[in-house]
Visitor: 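Take a look at this one; I'll ask things after.
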Protein chains: 2
Amino acid sequence: MTHRPYHHGDLRAALLTHAEETLKERGPAGLSLRELARDIGVSPAAPSRHFKTKQALLDALALEGFDRLSALLIAAQDEAGESFAERLTALTRAYMGFAAANPALLNLMYSVKYDPSVPSALAKASQRLPELAAQLIEDGQRRGEVCQGPVEEIGLPVMAAMHGFVALAIAGGIQADAVEQGLKNTVAFALRGCAP
Amino acid sequence: MTHRPYHHGDLRAALLTHAEETLKERGPAGLSLRELARDIGVSPAAPSRHFKTKQALLDALALEGFDRLSALLIAAQDEAGESFAERLTALTRAYMGFAAANPALLNLMYSVKYDPSVPSALAKASQRLPELAAQLIEDGQRRGEVCQGPVEEIGLPVMAAMHGFVALAIAGGIQADAVEQGLKNTVAFALRGCAP
DNA sequence: CTACCTTGTAATCATTGACAACATTGTAGT
DNA sequence: ACTACAATGTTGTCAATGATTACAAGGTAG
């Protein structure tokens with residue numbers, strides 16, 4: 001019989017995986033380091049080698065979330081057409097998809113910030129989305145499909161509309177069967193807001 | 001010496017007040033029913049008479065938050081001018097003010113929903129904001145300052161832009177000194193998005 | 001005045017996050 | 001190969017917490 005080796009192999013990754021599952025099912029408060037350890041089959045104190053505190057685990061989860069989200073959004077744009085409208089639609093749809101699949105994670109990603117003790121890596125990761133929006137706008141301006149002006153001034157409202165829509169959708173402010181139509185309306189609204 | 005009476009008088013309100021303070025300072029995870037009881041000067045189990053679980057207290061806090069927010073937004077509109085632009089600006093500014101003063105509370109208000117076990121009162125309260133937006137739009141349409149069309153279809157994107165801006169702002173996605181300018185830009189953006 | 005309902009108390013339980021001391025494993029330098 | 005040493009897991013322990021139960025005090029309606 002092969003007894004479990006003393007070292008897990010990749011406990012850190014296992015913790016993150018299980019943690020995200022629990023987060024989805026029971027929220028941040030329902031997440032217990034000890035329970036994670038039990039599920040994975042290590043001692044109660046083992047997780048502390050990788051995440052000093054529970055908050056550190058949550059931060060890592062959020063950071064990973066930003067990584068995945070920005071990768072997803074970039075991929076969505078690469079697969080989309082070239083017009084600004086197509087790209088904005090693709091981006092919003094991808095964002096909505098991520099949010100629908102990981103509502104609790106998205107919430108976590110945007111929950112930690114007002115805390116003064118934000119890990120700098122997290123703060124930096126959260127800035128990547130506005131940058132992505134800025135790039136999209138800049139591209140649209142070059143194509144003459146977006147009005148001229150400082151990129152940040154146009155990008156922020158666009159970003160706000162997209163993020164707000166997604167946030168409201170997962171918060172239940174939008175009925176599930178109205179999401180698709182709402183998404184189209186919001187994108188159309190944003191397109192008019194920054195039309196040349 | 002006047003010893004504390006057996007009954008507190010209004011323990012429920014005291015709990016909510018202290019809870020909100022703690023929430024602001026240390027977030028939902030840092031909120032402890034026992035600590036609240038200590039601070040107020042009652043026994044550890046006393047809070048359970050008013051809030052069966054910690055989650056129930058958080059829900060009540062969120063519900064109260066929706067009440068205060070919608071009252072604030074209504075008041076802001078009443079004090080504002082009559083034009084759609086003025087009203088939308090006033091509403092957004094009031095929303096931003098509330099969020100800046102109570103970031104953790106706003107976060108809580110929008111955190112609980114993806115949980116299937118949402119108290120119906122809370123779900124209902126969260127619907128009041130979209131309704132308020134719808135009313136604003138309707139008014140704007142009557143004045144000929146907003147394009148015609150189904151109120152929900154126009155109101156949702158406007159609401160999304162406002163909510164998204166506020167959410168990003170308190171999440172740190174917007175530098176503090178850029179908030180004012182960002183607000184103006186977002187409102188202008190929304191006005192163009194639903195111009196007739 | 002009495003019976004009952006609300007509100008608070010006391011005592012207890014399992015669970016949790018965190019920490020310290022120790023054990024095991026992998027590895028870098030010799 | 002041998003030997004430090006760093007990384008990773010384990011055991012044991014602690015105070016704090018959320019929740020529950022049985023009981024006491026205080027209000028209130030008949």
Side-chain angles (χ1 to χ4, degrees), chain A residues 1-62 104 108 111-112 115 117-119, chain B residues 1-62 104 108 111-112 115 117-119:
Chain A
M1 52 197 266
T2 76
H3 52 43
R4 178 171 44 81
Y6 191 87
H7 285 102
H8 175 278
D10 199 354
L11 181 54
R12 191 191 146 90
L15 283 168
L16 285 174
T17 304
H18 278 74
E20 189 176 342
E21 215 166 306
T22 316
L23 176 70
K24 190 175 306 196
E25 291 167 3
R26 304 209 294 274
L31 200 158
S32 148
L33 292 175
R34 297 177 94 105
E35 186 185 357
L36 284 181
R38 274 196 302 273
D39 288 351
I40 296 177
V42 292
S43 78
S48 75
R49 291 293 170 197
H50 301 274
F51 306 102
K52 202 96 165 68
T53 68
K54 178 175 171 178
Q55 186 58 51
L57 171 59
L58 291 175
D59 288 346
L61 227 42
L108 180 68
S111 290
V112 276
D115 187 330
S117 67
V118 191
Chain B
M1 53 195 260
T2 76
H3 51 41
R4 177 170 45 78
Y6 192 88
H7 285 102
H8 175 279
D10 199 354
L11 181 54
R12 191 191 147 90
L15 282 169
L16 285 173
T17 303
H18 278 75
E20 190 176 343
E21 216 166 304
T22 317
L23 175 71
K24 191 175 307 194
E25 290 167 5
R26 303 208 296 275
L31 199 158
S32 149
L33 292 175
R34 296 177 94 105
E35 187 185 357
L36 284 181
R38 275 196 302 272
D39 288 351
I40 297 176
V42 294
S43 79
S48 75
R49 290 292 170 198
H50 301 273
F51 305 102
K52 203 96 166 69
T53 69
K54 179 175 170 176
Q55 186 58 51
L57 171 59
L58 291 175
D59 289 346
L61 227 42
L108 180 69
S111 290
V112 276
D115 187 330
S117 67
V118 192

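Naming: A, B, ... by sequence-line order, numbering from 1 per chain. Source: prediction; values computed, not measured. Heavy-atom basis, side chains included; hydrogens, waters and symmetry copies ignored.
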Visitor: What is the minimum heavy-atom distance between B/A19 and B/L36, and which atoms define it?
Guide: N-CD2, 3.7 Å
Visitor: Mind checking whether A/L61 and A/F51 have side chains closer than 4.5 Å, heavy atoms only?
Guide: no
Visitor: Measure CD/B/Q55 against P/D/dT17 and give the value in whole Å, please.
Guide: 18 Å
Visitor: Could you tell me whether A/L57 contacts a base, only the sugar-phosphate backbone, or nothing, with contacts defined as non-hydrogen atoms closer than 4.0 Å?
Guide: nothing
Visitor: Nearest to the A/K54 side chain among C/dA18, C/dA11, D/dT17, which nucleotide is it?
Guide: C/dA18
Visitor: Expressed as a whole number of angstroms, how long is the span from B/L11:CG to D/dA25:C1'?
Guide: 15 Å
Visitor: Any salt bridge between A/E21 and A/R26, counting N to O under 4.0 Å?
Guide: no
Visitor: Given D/dG9, is OP1 or OP2 found less than 4.0 Å from the side-chain N or O atoms of A/R12?
Guide: no
Visitor: Quick one: A/I40 CD1 to D/dT8 C1', roughly how many Å, whole number?
Guide: 14 Å
Visitor: Can you identify which nucleotide, out of C/dG17, D/dG18, D/dT17, has its nearest atom closest to the A/L33 side chain?
Guide: C/dG17
Visitor: Return the minimal non-hydrogen interatomic distance between B/A37 and B/P44, and the atom names on each side.
Guide: CB-CA, 4.0 Å
Visitor: Of the options C/dT9, D/dT17, C/dA18, whose atoms approach the side-chain atoms of B/R49 most closely?
Guide: C/dT9
Visitor: When the nearest nucleotide of DNA chain C is assigned to A/E35 and to B/P44 on a heavy-atom basis, which residue is associated with the more 5' position?
Guide: B/P44
Visitor: Please tell me which of the listed nucleotides, D/dG9, C/dA18, D/dT20, lies nearest to the side chain of B/A45?
Guide: D/dT20
Visitor: B/L31 CG to D/dG18 C1': how many Å, rounded?
Guide: 12 Å
Visitor: Starting at CG of A/D10 and ending at C1' of D/dA7, how long is that distance when rounded to a whole Å?
Guide: 14 Å
Visitor: Report the distance from atom CZ of A/F51 to atom P of C/dA18, rounded to the nearest whole Å.
Guide: 13 Å
Visitor: Taking the minimum atom-to-atom distance to the side chain of B/S32, which one of D/dG18, D/dT11, C/dT16 wins?
Guide: D/dG18
Visitor: Using a heavy-atom cut-off of 4.0 Å across all strands, would you classify A/S48 as base, sugar-phosphate, or nothing?
Guide: nothing
Visitor: Of the options D/dG18, D/dT20, D/dT11, whose atoms approach the side-chain atoms of A/S43 most closely?
Guide: D/dT11
Visitor: What is the distance, rounded to the nearest whole Å, between atom CG of A/L36 and atom P of C/dT16?
Guide: 10 Å
Visitor: For the residue pair A/A46 and A/L11, what are the closest heavy atoms and their distance?
Guide: CB-CD2, 3.9 Å
Visitor: In whole Å, I'd like the distance from the CG atom of A/D39 to the C1' atom of C/dT16.
Guide: 15 Å
Visitor: Is there a side-chain contact between A/H50 and the phosphate of D/dG9, meaning an N or O under 4.0 Å from OP1 or OP2?
Guide: yes
